[in-house]
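Written below as C-alpha cells is the structure these notes are about.
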Amino acid sequence: MKKGVGDLMPSNRGASVRYENVQKSYDGEILVVKNLNLDIPPGEFLTMLGPSGSGKTTCLMMLAGFEPATHGEIFLNDRPINNVPPHKRGIGMVFQNYALFPHMSVAENLAFPLQVRNVGKAEQEEKVKRALEMVELGDFGNRRPAQLSGGQQQRVAVARALVFDPELVLMDEPLGALDKQLREQMQYEIKHIHENLGVTVVYVTHDQTEALTMSDRVAVFNDGVIQQLSTPDSLYEDPQNSFVAQFIGENNKLSGKVIGVSGNECLVELDDGTQLKADKVNVNAVGDRTTLSLRPERVEFEPASSMENLVQGRIEELIYLGDHIRVRMSVAGNDEFIVKVRNRGERRKLETGETVPIGWAINDCKALDAVA
Amino acid sequence: MSETATEQVLTTKDGRPLKASLARALRREKLRALVLIAPLLIFVLLTFVAPIADMLFRSVENSIVEDTLPQTVNALQDWDPSSGEVPGEPVFAALAADLQVAVDLKTHTRLGSRLNYEKTGISSLFRKTGRRVKKMTEPPYKEQFLKADKKWGQVDTWQTLKQFSPRYTDGYFLSSLDAERTSEGLQMKPEDEQIYLLLFGRTMMLSIAITVSCLLLGYPIAFLLAQLPLRTSNLLMILVLLPFWTSLLVRTSAWKVLLQQQGVINDFLVWIGLISDANRLVMINNQTGTIIAMTHILLPFMILPLYSVMKTISPTYVRAAKSLGATDWTAFWRVYFPQSVPGIGAGAVLVFILAIGYYITPELVGGTSGIFISNRIAYHISSSLNWGLAAALGTLLLAAVMILFIVYDKIVGIDNVKLG
C-alpha cells in the first residue's frame, strides 16, 4: 500500500514539525518572519494567532510549500522539506474560502486526492463515503459545492483535507467566512475530529476565541516574531508581554515606573503618583517604565482591607450585559478602566458618578513591558 | 386578513384582483423604460433590421418577370415544358403585347439581365427582340419572333421563362448551393461550374483553423496575464490591445511586406541559409497568408474573454490541488483548465463568428485560394450586381452561423460562455 493511504480511523498518528531559524522576506528589505524556531510534537493542535500582517499565514504557506523560506529549514518528521514540492509533502490543507473545485461534485472533490495517488476505484469510493459520513454529509456526494451552505462547504473542505490520511493538516482561517453561531459549532467539530484522528493540526486564525477554544498550544505572532507560545490558559493568565495581554482577552492598562523590586513582586508608581504592587513579569530593575496589565473580572468592589492593592475609582458608565455589568471607571488617571461585575442578585446598586473603593490581588496585576 | 390566506384570488382592499393592480402599478415603469430605449430602438430598426430584412427578402423575391410580362406569364400556365415543343401562337401574341409595353418603359433589358443569371444569352435575346418588336403589329407572331431570334424556337428559353415566372423563387438559393433545376429536375451544376459549396467549406475550414490558432496562441498569453500582478499585466494588456489602435489596412499591408516572396521573412531565411534563393516560401496570396494575417487581427478577441475569465479563477484552487497531491500539470489540467472553459467558449465563438464573415483581410492577402464566401458576396453586390444571389449567399452564411451557434449551445451550453 502506498504511503499516506491508511484508514480514517483513530490511530494516534501525526507528524512532527520543526521550524529552525526560519526567516522570510518577500522584497529583500523587510523580514516578514524573523528567525522563527518552533517545535510541534506529533498529534498537537497548534494555533498561530496574530493580527493580519504578523507573519502567521506566511509561516503556514512555507510549511505547505507555497512560499520558499528565505533562510532556515523546516522539518517534517525530522526530514528537511525545503526542497520538497507541495504535492509531495502529503500535507492536507483547508483554505480560507474552502477552494472546493466548483466543476466537480462533492464526491469528485473528495476523490481527487485519492485519484492523483492512484488509489483503486473501490477503495476510493469506500474512503470518500467514510469521509462524508465523518462530517455528517453522507447524502451530499452528488451535489455541487455551489449547492451547499457555507457550513456544509466547510465540512467538505475538512473532509477533503483528511480523506487521504495525511499526518499533518493545515488550516488557514477556515471559519472566517461563517457566521458566529456556525463558527462556534464548527470549532467543536474540528476539535473532535482532531481528537479522534490524532493528526497534527496547524491552525491559523486572528480570532482569539477560536484559538483558545481549540488549541493545545497557541503561538501568538506579532511583527514576524512569536510573542508567546503556551497553552490557552497560561496565555490568558500569564501573558509575557503587553502585546499578548492586549491581544488575548480584555485588559486594563496602567502605565508607570518601577520604584522597588522584591523577589517576584515589584512596586510601581503610576504617573499620577498612585503606588501599586504587581507581579514582576517583564521588567528588570528599579527605574524601568512598565505597563501594568489587569483583567477586568479580577477587580473587586468593596474589597477586603487586607487586599494588596486598594484604590478609589469613579464610575463613569454602566453597561448592562445580562450575565454581567460592565463598569467603565476613572482610576488613577485612566478613564478607560473597565471592571466586569457578575450579575448576582445580592449585588450592591452602582450609580454613575459615584466614587467607590476597588481592589485587586498582586497576582492578578502583571508588570509588563512599557507600551509607547 | 383571514381571506387572503385561503385559496381565493388575492384582491386589494377595494376588491380588484391583486395581479391586475400590480400590472397597473408597473405599467408606468414599463412605459418609462420603453420611452428611454425608443430612440435607439428606432435607430436600430431603421438602419439595421430593416435593411437586412430587405436584403434577405431579395434572396427569394422575383416579381420582375410577372411585372414585366404579365400576359405571357398567364398564357404560359397551360404550357408543359416536358412536351418538348415550344408554346403556341397565343403565348407569342401575349409576349408581343407585353414586350411592346416593356420597350416603351425600357424594362425589357432589366428583365434580360435578370434572366441572364439563370441562362446566359437571354440578355442579348431580349435586347435584340426589343429592337424588332415595334414592327410586329400583325399575327402570326410566332414566325416573326423566330425570325428575330432562333432562340425563341428553343424549349430551353421558354422553360427558363416559365420556371422563373412565379413571384418567389428558390433559384438564388439553388445557385448558392451549386444546384439548378433542369428539365430532369433538381440536380447539381456541372463540376466546373461549382464554386459556392467549395467557398462555404473553405470559409468554415479557414475560420476553424484561425480560431484554433488564436486559441493556441492566446491561451498561454491570457494565462500569463492573469497570473501577473495587476500593474505588470495592465502594461502587457496595452501591448495586446495595441493592434486595435492601428488601422486594419496598415496591419494587413504590413503582413504583405513581411510575408511576400521578396519580403522580410523570406529575405531573412535566405540570409541565414535556411532556404535557398530559388525556393522562397509562398506565404501570401494563399490560405497561409489569410490564416496568419487573420489570426493576428483576431487574437485580441480571444485573449480578452480568456483573460477576464481566468482573472476570476482564484489561485487557491491550484494551490488546493497541489496540497492534495496533484503535480503542476494535473493541477492545471484537472482544476484550472475546466474552469477556464467558459472563456475558451466565449473567445472561440467571438473569433469564429468574426472570422466567418471577414472580408477585407482575405481580399488583400488571400489571393485566389484564400478568399472567403464574403468576398464572393461583395463581388455580387458591387460588380456583378446580382443582388439576389448575394442575398441568398448572405442568408445561407447567417443560417450556418446560427446552426453552429445552436450546436455549440447544445454541446458547451451558452450559459458556460462568460465574457467577464
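Reminder, nothing fancy here: chain letters follow the sequence lines and each chain counts from 1.
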[X] side chain to [Y] backbone, donor-acceptor under 3.5 Å:
X        : Y        : value
A:Asp27  : A:Glu29  : yes
A:Thr205 : A:Glu210 : no
A:His103 : B:Arg334 : yes

Given a strict heavy-atom distance threshold of 4.5 Å, which part of [X] is in contact with chain B: side chain, backbone, both, or neither?
X        : result
A:Phe66  : both
A:Leu170 : neither
A:Gln96  : neither

> Can the ring centroids of A:Phe45 and A:Tyr203 be said to lie less than 6.0 angstrom from one another?
Replying inline: yes
> Do B:Phe352 and B:Tyr408 have ring centres separated by under 6.0 Å?
Replying inline: no
>> Among A:Ala99, A:Pro86, A:Gly92, which residue has the highest count of heavy-atom pairs closer than 4.5 Å to chain B?
In response: A:Ala99
> Among A:Arg160, A:Met61, A:Arg89, which residue forms the greatest number of heavy-atom pairs with chain B at distances under 4.5 Å?
Replying inline: A:Arg160
>> Need one label for B:Ala331: side chain, backbone, both or neither, based on atoms under 4.5 Å from any heavy atom in chain A.
In response: neither
> Side chain, backbone, both or neither: which part of B:Ser314 has a non-hydrogen atom closer than 4.5 Å to chain A?
Replying inline: neither
> Can you find a heavy atom in the side chain of B:Met237 that is under 4.5 Å from one in the side chain of B:Val240?
Replying inline: yes
>> As an exercise: rank B:Leu324, B:Val335, B:Thr316 by heavy-atom pairs under 4.5 Å with chain A and give me the winner.
In response: B:Leu324
